[in-house]
Amino acid sequence: MLRTQFEEELLNLHNQFYEMGMMVSSAVHKSVKAYINHDKKLAQEVIDRDIEINDMEVKLEKKSFEMIALQQPVTTDLRMIITVMKASSDLERMADHAVSIAKSTIRLKGDMSDYVKKMVDNVLIAYVKTDQKDARMIAQMDDRTNEYFDSIYKHAVEAMKANPETVISGTDYLHVAQYLERIGDYVTNICEWIVYLATGKITELNSNRDEQF
């Protein structure tokens with residue numbers, strides 16, 4: 001039996017969102033790698049590819065609005081379109097933070113970035129499976145990201161107090177840690193959209209988050 005045009009479009013939307021997610025995951029990974037290795041070429045690659053990610057978000061949003069207006073989908077289909085629309089906006093913000101990291105050029109310990117990348121990859125898998133159990137678990141992982149940030153913050157402030165010459169590099173270091181912490185928050189947002197997709201209910205999964213910028 002042939003798929004209806006709407007089902008075809010829904011599948012394309014789903015696949016494009018996943019592709020965008022993979023690009024964002026790669027941008028996060030490459031930006032931190034560039035930062036740790038002082039690799040300006042790799043950093044430039046992240047900055048250049050951000051245009052593609054922004055374009056993908058605009059296309060996804062446009063297509064989502066079109067599908068809602070023309071097809072007037074109901075229940076689960078509508079939830080899926082709304083999820084893609086909202087979660088792609090969170091992905092785009094993650095990519096912006098990856099660009100900010102790429103624009104920084106000093107050394108950062110890799111633990112926090114590896115952990116955040118794992119969260120991004122896991123949330124994409126949970127989205128594909130519409131697995132609210134996994135989504136809730138991934139949102140809990142954000143507590144660890146916040147702990148990493150607190151620890152980095154404490155050590156950086158101590159280092160800056162002990163040696164005023166490190167203030168500029170130390171501030172930069174803190175910014176990068178903060179961008180990673182924000183990416184963790186956006187992953188939690190996507191987890192909330194996955195729970196919405198699975199249940200139709202909007203649920204706050206991590207009440208400890210700060211306001212996002």
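Keep in mind that what you see is a predicted model, and the values were worked out from it rather than measured. Quick note: residue numbers are just sequence positions, from 1.
Taking every heavy atom of both residues into account, M67 and L10 meet most closely at CE-N, 3.6 Å.
For the pair Y115/L180, no side-chain contact is recorded, criterion being any heavy-atom separation below 4.5 Å from C-beta on. Using a 4.5 Å cut-off on side-chain heavy atoms (C-beta onward), I53 and M20 make contact. When side chains are defined from C-beta on, D142 does not count as touching V187, because their heavy atoms never get closer than 4.5 Å. At a threshold of 4.5 Å between non-hydrogen side-chain atoms, the residues L91 and E57 do not count as touching. Residues C191 and V123 have side chains in contact (heavy-atom distance under 4.5 Å, counting atoms from C-beta outward). Counting heavy atoms from C-beta on, the side chains of V28 and I183 come closer than 4.5 Å.
Checked by atom type, the side-chain pair Y186/R182 shows no donor-acceptor distance below 3.5 Å. Side-chain atoms of Q140 and R136 include no donor-acceptor pair closer than 3.5 Å.
A salt bridge links E66 and K63; the closest N-O separation between the charged side-chain nitrogens and carboxylate oxygens is under 4.0 Å. A salt bridge links D90 with R93; the closest basic N to acidic carboxylate O contact falls under 4.0 Å.
A 6.0 Å sphere centred on NE2 of H175 holds no more than 12 heavy atoms belonging to other residues, nucleotides or ligands. Heavy-atom neighbours of F149 CZ from other residues, nucleotides or ligands within 6.0 Å: above the threshold of 12.
Under the 4.5 Å side-chain heavy-atom criterion for grouping Ile, Leu, Val, Met, Phe, Trp and Tyr, Y153 is connected to M160 within one hydrophobic cluster. Y18 and V58 are assigned to two separate hydrophobic clusters, defined by single-linkage of ILVMFWY side chains at heavy-atom distances under 4.5 Å. Taking hydrophobic clusters as Ile, Leu, Val, Met, Phe, Trp and Tyr residues chained together by side-chain heavy-atom distances below 4.5 Å, I194 does not share a cluster with M137.
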Listing, residues 43-50 side-chain donor-acceptor contacts under 3.5 Å, not counting sequence neighbours, or none:
| residue | atom | partner | partner atom | Å |
| --- | --- | --- | --- | --- |
| Q44 | NE2 | D48 | OD1 | 3.0 |
| E45 | OE2 | K30 | NZ | 2.6 |
| R49 | NE | E52 | OE2 | 3.4 |
| R49 | NH2 | E52 | OE1 | 3.3 |
| D50 | OD2 | N54 | ND2 | 3.4 |

Acceptor/donor pairs from residues 69-87 side chains to any protein atom, 3.5 angstrom cut, sequence neighbours excluded:
| residue | atom | partner | partner atom | Å |
| --- | --- | --- | --- | --- |
| R79 | NE | Y196 | O | 3.2 |
| R79 | NE | L197 | O | 3.1 |
| R79 | NH2 | L197 | O | 3.3 |
| T83 | OG1 | R79 | O | 2.7 |

